[in-house]
**Student:** 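Before I ask anything, let me first share the structure, which is written out below as structure tokens.
Chain letters run A, B, ... following the sequence lines, proteins first and then strands; every chain starts at 1.
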Number of protein chains: 2
Amino acid sequence: MTSMSGDTSTPTTARRPTMRDVARLAGVGVKTVSRVVNGEPNVSADTAERVRRAAAELQYEPDLHAGNLRRADGRSHTIGLLVSSVANPFAAQVHRAIERVATEHGYAVFATSLEDDPVAEQRAIAALSRRRVDGYVVTPVHDDQSYLRVHLDRGTPLVCIDREPAGIDVDSVVTSNYDGARDAVRHLVAHGHRRIAFLGDLERIQTARLRRAGYLDELADAGITPDPALIVLDLHDDASATAVTRRLLTLPEPPTAIFSSQNLVTVGAIRALQQLGLEHDVALVGFDDVEAGDLVKPRVSVVAQDPDRIGRLAAERVFARIGGDGGPARQIVVPTRLVVRGSGEIARPEAQRGGS
Amino acid sequence: MTSMSGDTSTPTTARRPTMRDVARLAGVGVKTVSRVVNGEPNVSADTAERVRRAAAELQYEPDLHAGNLRRADGRSHTIGLLVSSVANPFAAQVHRAIERVATEHGYAVFATSLEDDPVAEQRAIAALSRRRVDGYVVTPVHDDQSYLRVHLDRGTPLVCIDREPAGIDVDSVVTSNYDGARDAVRHLVAHGHRRIAFLGDLERIQTARLRRAGYLDELADAGITPDPALIVLDLHDDASATAVTRRLLTLPEPPTAIFSSQNLVTVGAIRALQQLGLEHDVALVGFDDVEAGDLVKPRVSVVAQDPDRIGRLAAERVFARIGGDGGPARQIVVPTRLVVRGSGEIARPEAQRGGS
DNA sequence: GTGTCGCCTGACATCGATGTCACGAAACTG
DNA sequence: CAGTTTCGTGACATCGATGTCAGGCGACAC
């Protein structure tokens, strides 16, 4: 109603108002403005109202960082998230879940893509440390996280997701890679398969090794001797997965089922099966869900991870730590879910039942 | 080599060292430490070395925000990104592209999901403003962005992506929604189709209206009178798209081709076609690429957007503005690309050639 | 009427850094 | 060799806020 000056036109470059400007306009001291802005008690109703009006008039926005400098708890109300890539669908869903929890707590999230580069991991941590984040959620890439201990000692919590950290004892939230792989293989064995191929991700990735172990142990428990010819490791993209799958399927004794241990590898396997016209004859179960995996024919069965839950649990751990939880480090394992859609339920051909 | 104290065990809670601590240890003034840390000139080689050693010993990390308080340019080296959802594949790819440019400039990125909530847009801007971001990249949701003018006036640039802003004159980077839609329809017309259905997204979304307009204008140019029965708007998820598509396909005079104007809607249409066994008989072109769209049979043809380029261009605009570019607002349009995979090249059935 | 208490309020030091400036020593100039 | 410039350095004010503390004022009890 009562506008300060008649000038309502666009100012060229306005200085950002500070608490002092608001104080001056409201005719009070800065500390009183501070009290009103932060909802502290002991301010009379009409002083508060005058301050609020002045703040609104100047469109005042407090400077969170300036406040933190002096504030007792020194919280930046910001956390950092390190993932393989924010564009990776799995990581993106984890990110969304974390963001949801963060927003509830009034926190903002810095997300950084590491692209599996250990050096990027350290650089990202340093960049976030300079920005004084209150906590980290990290997908470990580096083979040793002990360099992070100094941050823990200074009271900045860290939670690892997807992979277990090495060299530090912190909370972690990971998928049940080993059990999930066993579930997949057990499912295929239950449909009569004995020649089950394994398409593995890069062996240097911990989760890939766990999935391979699950595959081998489940075969062993089923009394099946693994055929080394059917085990291919270190696949990381769909093109090489396609090539390898084609080769396996044209062996003299081809597999009757395939367990592919990762997203893109599953896509590559599907493509190979389609190219050879074998998609209805050879069973396939993938680890990790495939986008639009229910549009393909046959629809693709998978052992699905739960990125939403992983993200939520990880965020809850971080905020518990920020909130002062000093308990021992927790290892949380999120189970996988077998999604039955068709490709994994293709039975071993009758022709072969007699053989072997 | 020369460790300060013999104690290498884990300290319980160490205070974070400040510049003063480093100065004291190195036996110099704080300003000298500041000079070394920031690479300013006029420090003798061995003073600099002594300071660096002290900083390393204490594992000193400068506080970026404290520095900004006094620093002339006051840059937080942080930008804010508002998207529909960080879990949305399109937005996630845009995000990754922006992050790449940001990293080159030494910037970190705050990403926030709006879930198409106009109130969330304003809340997010306020949260980022309090954190003093140097620039914004925004997917507008609110129907009026004039409330952002104050930030522009204070020198914080803003670039809109995906949708044009309303009420402010700023840089924007958008897909050629109108032309892309025309391309899709032209492609279907070229394959003989005249009864082409349109499955539109929510009409309140600007891009959805543009795609509809492209559809209608291209039909008009081809001399085809649109059949209102084949135009369905306000679809936003795959379930409703499936239901609607099934209804259209069972009309007395069903469409021979479908143009679906969005990702999830395309998925819904595919599912309906598969359920009715018509996927090889009715042509389909979608707007926006579908993940694993080349695994479906027939492989799905789309008019693809270029999220990587959109993100990169948007980020470059923001950094140009942060760098002082005061030129007039630029509207950048990123063209779509028709991806021919099979579903869009199904010809109009011969049986119908005689008719109409 | 006076003393005590509690509520409001603002002056001032402070957070961790950078900008300004003055000072002494060394290097150059003529 | 005196005068000037340059270099290296640190004391100090300052950025925008909050924590501390003391003072003023009105209400209440005796």
**Student:** Tell me every residue that passes side-chain hydrogen bond (donor to acceptor under 3.5 Å, both in side chains) with B:Ser172, counting only those two or more places apart in sequence or in another chain.
**Tutor:**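 If we apply the side-chain hydrogen bond (donor to acceptor under 3.5 Å, both in side chains) test to B:Ser172, skipping adjacent residues, the hits are B:Glu164, B:Gln331.
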**Student:** Under the side-chain hydrogen bond (donor to acceptor under 3.5 Å, both in side chains) test, which residues partner B:His65, sequence neighbours left out?
**Tutor:**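 B:His65 satisfies side-chain hydrogen bond (donor to acceptor under 3.5 Å, both in side chains) with A:His65 only.
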**Student:** May I ask you to say what B:Asn68 touches in the nucleic acid, namely base, sugar-phosphate or nothing, with a heavy-atom cut-off under 4.0 Å?
**Tutor:**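 The residue B:Asn68 makes no contact with any strand.
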**Student:** Just jot down the side-chain hydrogen bond (donor to acceptor under 3.5 Å, both in side chains) partners of B:Ser85, sequence neighbours excluded, or say none.
**Tutor:**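 side-chain hydrogen bond (donor to acceptor under 3.5 Å, both in side chains) check on B:Ser85 returns nothing, list empty.
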**Student:** Identify, between A:Arg16 and A:Glu40, the residue whose nearest nucleotide on DNA chain D lies closer to the 5' end.
**Tutor:**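 The residue whose closest nucleotide sits nearer the 5' end is A:Arg16.
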**Student:** Which residues pass the side-chain hydrogen bond (donor to acceptor under 3.5 Å, both in side chains) test with A:Asn88, sequence neighbours left out?
**Tutor:**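 Counting only residues at least two positions away or on another chain, A:Asn88 forms no side-chain hydrogen bond (donor to acceptor under 3.5 Å, both in side chains).
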**Student:** If you restrict it to nitrogen or oxygen atoms, what contacts under 3.5 Å exist between nucleotides 7-9 of chain D and the protein, and what is each distance?
**Tutor:**
from  : atom 1 : to      : atom 2 : distance (Å)
D:dG8 : OP2    : B:Asn42 : OD1    : 3.2
D:dT9 : OP1    : B:Ser44 : OG     : 3.3
D:dT9 : OP1    : B:Thr47 : OG1    : 2.5
D:dT9 : OP2    : B:Ser44 : N      : 2.9

**Student:** So for the helix from C:dG1-D:dC30 to C:dG30-D:dC1, with five pairs setting each end axis, what is the inter-axis angle to 10°?
**Tutor:**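 Computed angle between terminal axes is 40°.
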**Student:** Quick check for you: name the first and last nucleotides of DNA chain C, 5' to 3', having an atom under 4.0 Å from a heavy atom of chain A.
**Tutor:**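 From 5' to 3', the first and last contacting nucleotides are C:dC8 to C:dG16.
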**Student:** Who are the side chain to side chain contact (heavy atoms under 4.5 Å, CB included) partners of B:Val150, not counting sequence neighbours?
**Tutor:**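 Partners of B:Val150 by the side chain to side chain contact (heavy atoms under 4.5 Å, CB included) criterion, ordered by chain and then number, come out as A:Gln59, B:Arg154.
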**Student:** The criterion is side chain to side chain contact (heavy atoms under 4.5 Å, CB included); which residues satisfy it with B:Arg123, sequence neighbours excluded?
**Tutor:**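 For B:Arg123 the side chain to side chain contact (heavy atoms under 4.5 Å, CB included) partners, ignoring immediate neighbours, are B:Asp117, B:Val119, B:Ala120.
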**Student:** If you look at every strand shown and take non-hydrogen atoms under 4.0 Å, does A:Ala23 touch a base, only sugar-phosphate, or nothing?
**Tutor:**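 Nothing: the residue A:Ala23, judged by heavy atoms under 4.0 Å, touches no strand.
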**Student:** Return each pair, listed once, that meets ring-ring contact (aromatic ring centres under 6.0 Å, His included) where at least one residue sits in residues 118-146 of chain A; pairs must be two or more places apart or across chains.
**Tutor:**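 For residues 118-146 of chain A, and leaving out neighbouring residues, the ring-ring contact (aromatic ring centres under 6.0 Å, His included) pairs sorted by first residue read A:Tyr136-A:His151, A:His142-A:Tyr147.
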**Student:** Which residues pass the side chain to side chain contact (heavy atoms under 4.5 Å, CB included) test with B:Thr18, not counting sequence neighbours?
**Tutor:**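 For B:Thr18, the residues satisfying side chain to side chain contact (heavy atoms under 4.5 Å, CB included) (neighbours in sequence not counted) are B:Arg15, B:Arg20, B:Asp21.
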**Student:** Mark yes or no for whether A:Gln93, through its side chain, and B:Ala87, through its backbone, hold a donor-acceptor pair below 3.5 Å.
**Tutor:**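 Such a contact is absent between A:Gln93 side chain and B:Ala87 backbone.
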**Student:** According to side chain to side chain contact (heavy atoms under 4.5 Å, CB included), who are the partners of A:Thr103, at least two apart in sequence or on a separate chain?
**Tutor:**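 In terms of side chain to side chain contact (heavy atoms under 4.5 Å, CB included), with neighbours along the sequence ignored, A:Thr103 is linked to A:Glu99.
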